[in-house]
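Here is the structure we will look at.
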2 protein chains.
Amino acid sequence: MVVTGLREANKRARRDALVDAAQALVAEHGLDAVTVEMISAKAGVSARTFFNYFETKDDAVLGLVDTGIAPAAAREFAAGGPSGRLLTDLQVLVGVLLESFAGQHERAVQAFRIMESEPRLLQRHMVWVDRHKAELRELFEARRAVRPFSADNELLLMLVLLLLRTATTSWERSGHQGNLDSHLSDAVAQLIHVVASDLEPGA
Amino acid sequence: MVVTGLREANKRARRDALVDAAQALVAEHGLDAVTVEMISAKAGVSARTFFNYFETKDDAVLGLVDTGIAPAAAREFAAGGPSGRLLTDLQVLVGVLLESFAGQHERAVQAFRIMESEPRLLQRHMVWVDRHKAELRELFEARRAVRPFSADNELLLMLVLLLLRTATTSWERSGHQGNLDSHLSDAVAQLIHVVASDLEPGA
DNA sequence: TCGAAAATTGCAGTGAGTGCAAGATTGTCA
DNA sequence: TGACAATCTTGCACTCACTGCAATTTTCGA
């Protein structure tokens with residue numbers, strides 16, 4: 001953790017090289033025309049090594065870092081905060097996630113761009129949610145104990161997915177204008193509007 | 001269309017045999033321990049023929065029939081009906097979808113059961129939404145022209161997905177109690193509640 | 001500088017999925 | 001009814017993602 005060491009540095013460098021190679025090749029030839037062999041060759045490692053770094057080809061193309069949920073944000077959410085309103089706090093949580101996704105800005109932009117033209121990869125967010133399902137469920141349960149609510153965990157999971165996807169596609173569509181957070185706010189506003197306008201008497 | 005013919009009958013029979021074989025084997029051995037060869041053998045056809053019926057192993061396990069959206073329901077939605085309220089009409093649309101999914105009740109129940117223990121298949125609904133994305137978008141656009149609303153198509157797509165998944169998992173969790181429709185209503189109610197309680201001043 | 005730990009790599013193998021062409025089945029129409 | 005056409009099935013050969021294993025190389029710590 002403290003002393004980086006050559007090992008760590010090399011690992012990160014290789015990883016980045018693989019992501020860059022994967023993204024460049026896919027951007028040029030399309031997802032199905034690119035093989036793991038090509039990516040590995042371009043990054044200067046063997047195909048077998050590729051799989052020491054990524055579970056699947058798709059993971060590499062998307063540059064999956066798979067940071068979990070930031071502990072601080074998780075704790076606050078579980079404790080019933082920061083605002084005490086479920087949807088609002090869900091938005092905050094997703095905001096933190098998006099930040100960690102977009103951490104490596106260049107690569108994230110590339111990933112989103114590729115996602116647009118390769119519908120198969122659109123499931124990325126679902127895969128993410130899937131992988132952290134257990135973690136999220138625990139979070140929901142913890143919060144439920146402190147500040148009860150009636151919604152099922154499953155619905156909240158899907159809400160997280162909805163916010164993730166709506167915000168990122170909106171950001172992507174805007175040509176990466178503004179910060180991701182404003183697109184997230186917009187997604188929440190849209191959701192509220194859809195629901196609210198269904199409740200108005202004069203529909 | 002009118003005269004069924006041996007061809008049609010055989011096709012349906014083979015298809016059903018493949019789904020039954022796939023579901024039985026997966027229920028017993030788990031998804032990864034079952035190969036396409038096994039399924040084909042059990043259904044009495046060659047492995048090559050399997051792929052004349054299904055694009056992927058997963059499709060067979062889930063018994064994907066891939067009925068599109070019922071034209072009548074689609075027309076009504078596009079025309080701005082039946083209620084004129086976006087969320088409510090979205091619910092109706094999803095209800096029709098669920099009905100066509102659960103058409104073959106036995107197989108549907110099996111599919112949902114397997115889905116629960118094989119998280120990879122949980123993406124099924126997303127795949128469905130993905131495949132009908134274009135169709136749904138057209139529907140949204142048509143309706144938008146008649147009865148404008150501000151939400152993005154992407155958000156509506158995710159809303160469809162949310163309703164599909166929340167309703168079916170709730171149904172599954174209840175041990176297939178009651179009809180799917182009541183679980184769908186419940187999902188919508190939960191969603192409304194989450195949003196509404198976020199708007200209340202005394203949160 | 002030496003030995004332990006960790007990483008890379010080749011190799012052999014499984015299994016999904018595809019294109020193709022030959023052979024079997026089924027529908028149709030005279 | 002019989003033959004021709006359309007449709008299905010199947011075997012074969014192939015590509016590629018992904019895995020386990022064991023040998024080899026690289027890096028680290030003392």
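As a basis for the values below, the full set of heavy atoms in this structure was taken, side chains included, without hydrogen atoms, waters or symmetry mates. Order of the sequence lines fixes the chain letters, A, B, ..., with proteins taken first and strands second; residue numbering starts at 1 for each chain.
B:Thr49 has its side chain out of reach of B:Ser40: every pair of non-hydrogen atoms, C-beta onward, lies at least 4.5 Å apart.
Using modelled atom types and a 3.5 Å distance limit, the side chains of A:Glu154 and B:Ser170 yield no donor-acceptor pair.
Residue B:Asn52 contributes atom CG, which lies 14 Å from atom P of C:dC20 at whole-angstrom precision. As rounded to whole Å, 16 Å separates atom P of C:dG10 from atom CZ of A:Phe50. Separating the CG atom of B:Asp59 from the C1' atom of C:dG17 is a distance of 12 Å, rounded to the nearest angstrom. In this structure, the CG atom of B:Asp32 is 16 Å from the C1' atom of D:dG20, given to the nearest Å. Put simply, CG on A:Asp58 is 16 Å from P on D:dC16, counting in whole angstrom units. Following rounding to the nearest Å, A:Met38 (CE) and D:dC18 (P) show an atom-to-atom distance of 15 Å. Following rounding to the nearest Å, A:Phe54 (CZ) and C:dT8 (P) show an atom-to-atom distance of 12 Å. When the P atom of C:dT14 is taken as reference, atom CD of B:Glu37 falls 12 Å away, rounded to whole Å.
The side chain of B:Thr49 sits closest to D:dT10 out of C:dT9, C:dT8, D:dT10. Looking at the side chain of B:Phe51, the nearest of the listed nucleotides C:dA16, D:dT10, D:dT9 is C:dA16. Listed candidates were D:dG20, D:dT10, D:dC8. Nearest to the side chain of A:Arg48 is D:dG20.
A:Tyr53 comes within 4.0 angstrom of sugar-phosphate atoms only, judged by non-hydrogen atoms across all strands, and of no base.
The side chain of B:Asn10 contributes no N or O atom lying less than 4.0 Å from OP1 or OP2 of C:dT25. The phosphate of D:dC8 has OP1 or OP2 within less than 4.0 Å of a side-chain N or O from B:Lys11.
Between A:Asp20 and A:Lys42, no side-chain nitrogen of the basic residue sits less than 4.0 Å from a carboxylate oxygen of the acidic one, so the salt-bridge criterion is not met.
Between the side chain of A:Arg85 and the backbone N or O of B:Asp198, at least one donor-acceptor pair lies under 3.5 Å.
Geometrically, A:Arg14 does not engage A:Tyr53 in a cation-pi contact, judged by NZ or CZ lying under 6.0 Å from the ring centre and within 45° of the ring axis.
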Which is it for A:Arg113 and A:Glu116 under the salt bridge (charged side-chain N to carboxylate O under 4.0 Å, His left out) test, yes or no, and what are the steps along the way?
-> CA-CA 5 Å; A:Arg113 187 168 302 153; A:Glu116 234 195 345; over 6 Å; no
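One axis for each end of the helix from C:dT1-D:dA30 to C:dA30-D:dT1, each built from five base pairs, and the angle between them comes to 20° at 10° resolution.
In terms of position on DNA chain D, the residue among B:Ser46 and A:Leu31 whose nearest nucleotide sits closer to the 5' end is B:Ser46.
Qualifying side-chain contact (heavy atoms from CB on, under 4.5 Å) partners for A:Ala151, counting only residues two or more places apart in sequence or in other chains: A:Phe149, A:Leu155, A:Leu156, B:Gln190, B:Val194.
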